[in-house]
Each structure stands twice: as C-alpha cells, then as structure tokens.
K.L.:
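Starting off with a structure, shown below.
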Protein chains: 2
Amino acid sequence: MTTEAPAGGPRRTSGATKAAILDAARERFAADGYERATIRAIARDAGIDPSMVMRYYGNKEGLFAAASEIDLRIPRPETLPAVGMGAALVEHFLDRWENDDVLTALLRVGVTNAAGAERVRAVFTGQMVPVVAGICPDPEDAPRRAALVSSQILGMAIARYVLRFPPAVTMSREDIVDWLGPTVQRYLTAERP
Amino acid sequence: MTTEAPAGGPRRTSGATKAAILDAARERFAADGYERATIRAIARDAGIDPSMVMRYYGNKEGLFAAASEIDLRIPRPETLPAVGMGAALVEHFLDRWENDDVLTALLRVGVTNAAGAERVRAVFTGQMVPVVAGICPDPEDAPRRAALVSSQILGMAIARYVLRFPPAVTMSREDIVDWLGPTVQRYLTAERP
DNA sequence: CTGGCATGTCAACAACTGTTGGCCTACAGT
DNA sequence: ACTGTAGGCCAACAGTTGTTGACATGCCAG
C-alpha cells in the first residue's frame, strides 16, 4: 500500500517508507518469528531495497524494537462493569489479538529471543500490572494477580492463535468469554486461596 | 556422558552416539529454539562430527522429530483424588516441566515452527484429550475441556519457564497449585457456563 | 591374515543471512 | 540552468547454515 503523497514531496516521503517497512515487518515477524523473518523479505513486501531498512532502523534488532512497540489499550478499571470485569477483559484481549498482528509477533519473538522476552516482560510490567493494581483489593499483591491473569490470557492466545488447537479455534467468542471470564475474575478479586 | 560399552562393541556403539546426539539436541532446542539450535552446535555438544547427525537422523527436521518425542505421563484418572483432580494435574505438570527440557523445547519450537506446532497438536490430541475424556461428565465435550485446561497450563508454563515473568517465577509451587487447581477443576467438571 | 562393515572425520558446496559503501536520480532552492 | 540533498538501487562482502561425498580407521568374521 503506497500511501497518498501530498503534492510537493520528493518521490516518496521518508515517513511513508518507514511506515511501509514497519507494516511489513510486523506482518513478517508475526508470521515467521524473529529468525525466519528476513530483512530481504520484509523489504520486498514493503516494495523497497533491503538497504533502506538499514538506513532507517540501523539493524534488525532496531527494526524489531520499532515494530514491537505495543499498546495493549487495556480499558481503565472505572469504565469496566464492576461485576463482569473478568469477562470484559477477556473480550478486550480477544478483540486485540484478532485485529493486531503485533501481539502475535511479540509473543512469537518473546518465546525464541532473549531480547524479545525482555520486551514482553516490559509490556507486562508497564501495562498489565498497573491496571490490575487498580482493580484488586490488595494492591501490593497486584504483580502476582497480574501474572495469573496473564497466564490464562496468554495461554488461550497461544492455543487459539499460535498453536491452533482445533477445539480452541472452533470455540465461539462467547464460549471463551463464558469460560475464561470467571477465571480471570477470580484471579483479580478473590481472597487468596 | 558416554554410556558404558559392553565389552566387544566397535569404538562406540551406534546407539550410544545416537543417544548422545538426542540429549544434546533436546538441550539446544530447549535453550535456543529451532532455528538457532544449529546442527554444528549440537554435534559439538555430543562430541562428534556434524555429518553423524545427518547419518543417523537424515536431516534437521528428522532430528527434531526424534528429539521431541514426548510422553506427558499424565496419571490415569482412577489414581487421582476425586476431589482435587485439578490441583493434582497442575502439580503433575509443574513437576514435568521442571524435570524435562523437552517440554520447553517442544513449546519453543511449536510457537515458531509450523511442523513444531503440528507436533504439539498431536501431543495434545493424543495424550491430553483422552485423559480429560475419562474425567469430565460429558465425554463428547472432552476436546473443548482439554483445550481449556491446556490453555491454562501452557500459559503458566510460558509465563514461568519461558518468558520468566518475575511474579510467576517467584511464586511458590503451593501458591500456583492453590490458584490454578480450582480453575482446572472447573474446566474439567463444571457444568457448561 | 584378510576382507568387510560400522563408526567416524574432513573438506567442501551452495544457499542464504545481515550489513556496507558506492552510485544514480529526481526534486527544491537559488 | 545549476547544484545540493534526500530517497532509492545495485553489487558485493563476510559469515553461517544445512547438507553431501570422499576418505580414514578400528573391529569382528572368515
């Protein structure tokens, strides 16, 4: 997709090319993982020469860092239905996962690559923990609760979108929400068992 | 580890070498994932020439197939405490994950490699589903329940052993069992929500 | 003693990778 | 018209990878 060039730029504005590279990179990283997503393939998808990738992002690691910037967009606790927060969160993440390649890309790379794992941890600490801290009754326990919630959500994402267990793929959104919702709700708010 | 050679073999029995290769391969696949685990490194670990790997396993895919043969050793339902099956299962998998590199290897490769994913699905279908079918009240729903159970167990394994979320690593075995046990129990036996 | 087979090494191939530097070319400002 | 510069391409490098075939060597059977 070459975006429209507002009259008067050079052949293409550098920003447009950088964006095209990022798009292609996200798709490739999501589909192939870090090692098999080659710079050459990404450049081909973006319709430019591999050396341009280096010009704009320095090296492959830099490209991945840029391509894996991610915002989970977890809704603020106040906007969630008090009683069905678990279900609402599950629903949110199903949406997120189905509409954004970056989540799968980050997960794939996080599992294979040490730097990728560090990045996933940063997202977890920076975005998941704070939200859980705003929900759970004992904020000092938020990290543990966040880890539990994440384990269930990550697990379902892997089963459904990465490993593609047939029953997990076939299951309807509603079924998943109905089954996982209570689990997440319990991890968020239940007394320590 | 060169195993003892019963008097009268050639320099080394082929079985011993094959086993040494498998050990090294499991370790490397677990540590590095499929792409970065090179045949050369595996051969070096096993103390032999890379070409021997090809001789015995044909190619890298064949080596991985052999190295990722896995038995989850899920206990038969009859031997489980009727009331705490969920907790017992969680405990079993924690043990399994901590004592066998192959699980991590299979998971890592399953997430990056299409053939690896197929293999994980086979293990799931062949070993998880039957056990769940022997436990849950409605056997025709076993695949779905098995997927749910797997999602939670896989998710915790990834958070704790692969991504190493600090809270998931710090958590004690007992805490994990206490939190996940009821979840798994519900996935196994609860009425459909 | 001699042959044959199993176990193993060595060196090389062809493909592919990330990365680099030099060159081209169209546009904007003068 | 001229030139500087930003956007882009080309060709090549150096390293690594999976994989292959030719060759060495120890052991047992005859």
Side-chain angles (χ1 to χ4, degrees), chain A residues 1-25 28-29 31-67 109 112-116, chain B residues 1-25 28-29 31-67 109 112-116:
Chain A
M1 294 291 163
T2 56
T3 54
E4 79 298 25
R11 285 167 281 187
R12 233 207 297 195
T13 154
S14 91
T17 302
K18 285 172 76 168
I21 294 175
L22 269 196
D23 278 2
R28 283 283 176 178
F29 281 133
D32 300 338
Y34 187 80
E35 331 284 339
R36 309 204 339 207
T38 73
I39 290 193
R40 281 173 163 88
I42 292 169
R44 198 179 325 123
D45 289 357
I48 44 106
D49 189 87
S51 61
M52 297 300 290
V53 177
M54 312 302 294
R55 192 196 280 293
Y56 289 132
Y57 295 99
N59 55 24
K60 193 177 181 179
E61 263 194 58
L63 173 62
F64 173 72
V109 177
T112 15
N113 187 276
Chain B
M1 293 290 161
T2 57
T3 55
E4 78 293 87
R11 283 167 282 184
R12 234 213 290 199
T13 156
S14 90
T17 302
K18 285 172 77 167
I21 294 174
L22 269 196
D23 278 0
R28 283 284 178 178
F29 281 133
D32 299 337
Y34 187 81
E35 331 283 340
R36 308 203 342 204
T38 73
I39 290 193
R40 281 174 164 88
I42 292 169
R44 199 179 325 124
D45 289 357
I48 44 106
D49 190 87
S51 61
M52 296 301 290
V53 177
M54 312 302 295
R55 192 193 280 293
Y56 289 133
Y57 296 99
N59 55 24
K60 193 177 181 180
E61 264 194 58
L63 173 62
F64 173 72
V109 177
T112 17
N113 187 276

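So you know, we letter chains A, B, ... as the sequences are listed, proteins then strands, and number each from 1. Computed from a predicted structure; not experimentally measured.
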K.L.:
Starting at CZ of B:R44 and ending at P of D:dG18, how long is that distance when rounded to a whole Å?
P.N.:
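Nearest whole value for this atom pair: 11 Å.
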
K.L.:
Side-chain N or O of B:S51 less than 4.0 angstrom from OP1 or OP2 on D:dT20?
P.N.:
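The answer is no; no side-chain N or O of B:S51 sits under 4.0 Å from OP1 or OP2.
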
K.L.:
Nearest-Å distance, CD1 (B:I39) to P (C:dC10)?
P.N.:
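Roughly 18 Å, once rounded to whole Å.
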
K.L.:
Between D:dT20 atom P and B:M54 atom CE, what is the distance in whole Å?
P.N.:
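The answer, rounded to whole Å, is 5 Å.
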
K.L.:
Rounding to a whole Å, what distance do you find between B:Y57:OH and D:dT20:P?
P.N.:
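Interatomic distance, OH of B:Y57 to P of D:dT20: 17 Å.
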
K.L.:
Hey, which of these two, A:R55 or B:D49, hits DNA chain C nearer its 5' end, going by closest nucleotide?
P.N.:
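Mapping each residue to its closest nucleotide by heavy atoms, the 5'-most match is B:D49.
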
K.L.:
State which of C:dG8, C:dT19, D:dT19 makes the closest approach to the side chain of B:Y56.
P.N.:
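Nearest nucleotide to the side chain: C:dG8.
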
K.L.:
Let's see if you can work this out: which of D:dC9, D:dG18, C:dT19 has an atom nearest to the side-chain heavy atoms of A:K60?
P.N.:
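Taking heavy atoms from C-beta onward, the closest nucleotide is C:dT19.
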
K.L.:
Does C:dA6 have its OP1 or OP2 closer than 4.0 Å to a side-chain nitrogen or oxygen of B:S14?
P.N.:
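False: B:S14 side-chain N/O out of range (4.0 Å or more) of C:dA6 OP1/OP2.
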
K.L.:
Could you check whether the rings of A:Y34 and A:F29 sit parallel, tilted or perpendicular, using 30° and 60° as the cut-offs?
P.N.:
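The arrangement is parallel - the two ring planes meet at less than 30°.
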
K.L.:
What nucleotide among D:dC9, D:dT19, C:dG8 has an atom nearest to a side-chain atom of A:I48?
P.N.:
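Per side-chain heavy atoms of A:I48, the pick is D:dC9.
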
K.L.:
How far does CG of A:N113 sit from CG of B:D32, to the nearest 0.5 angstrom?
P.N.:
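The CG atom of B:D32 is 10.5 Å from CG of A:N113, to the nearest 0.5 Å.
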
K.L.:
Measure CG/A:N59 against P/C:dT20 and give the value in whole Å, please.
P.N.:
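These atoms are roughly 8 Å apart.
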
K.L.:
For the CD atom of A:E35 and the OG1 atom of B:T112, what is their distance to the nearest 0.5 Å?
P.N.:
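One finds 8.5 Å between CD of A:E35 and OG1 of B:T112.
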
K.L.:
Rounded to the nearest Å, what distance is computed from the CD atom of residue B:E35 to the C1' atom of nucleotide D:dT17?
P.N.:
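Whole-Å distance recorded here is 11 Å.
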
K.L.:
Among D:dT19, D:dG8, C:dG8, find the nucleotide with the atom closest to the side chain of B:R40.
P.N.:
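Of the options given, the side chain of B:R40 lies nearest D:dT19.
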
K.L.:
Could you tell me how far apart A:M52 (CE) and C:dT19 (P) are, to the nearest whole angstrom?
P.N.:
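Distance, rounded to whole Å: 16 Å.
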
K.L.:
Is the closest side-chain heavy-atom distance between B:K60 and B:V53 below 4.5 Å?
P.N.:
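They are not in side-chain contact.
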
K.L.:
Using the closest heavy atom to pick a nucleotide of DNA chain D for each, name whichever of B:R36 or A:G47 lands nearer the 5' end.
P.N.:
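Here A:G47 is the residue nearer the 5' end.
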
K.L.:
Rounded at 0.5 Å granularity, tell me how far CD1 in A:I42 sits from CG in A:D23.
P.N.:
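Answer for the CD1-CG pair, A:I42 versus A:D23, is 11.5 Å.
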
K.L.:
Whole angstrom is fine here: how far is it from CG in A:D32 over to P in C:dC16?
P.N.:
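Rounded to the whole Å, the gap is 15 Å.
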
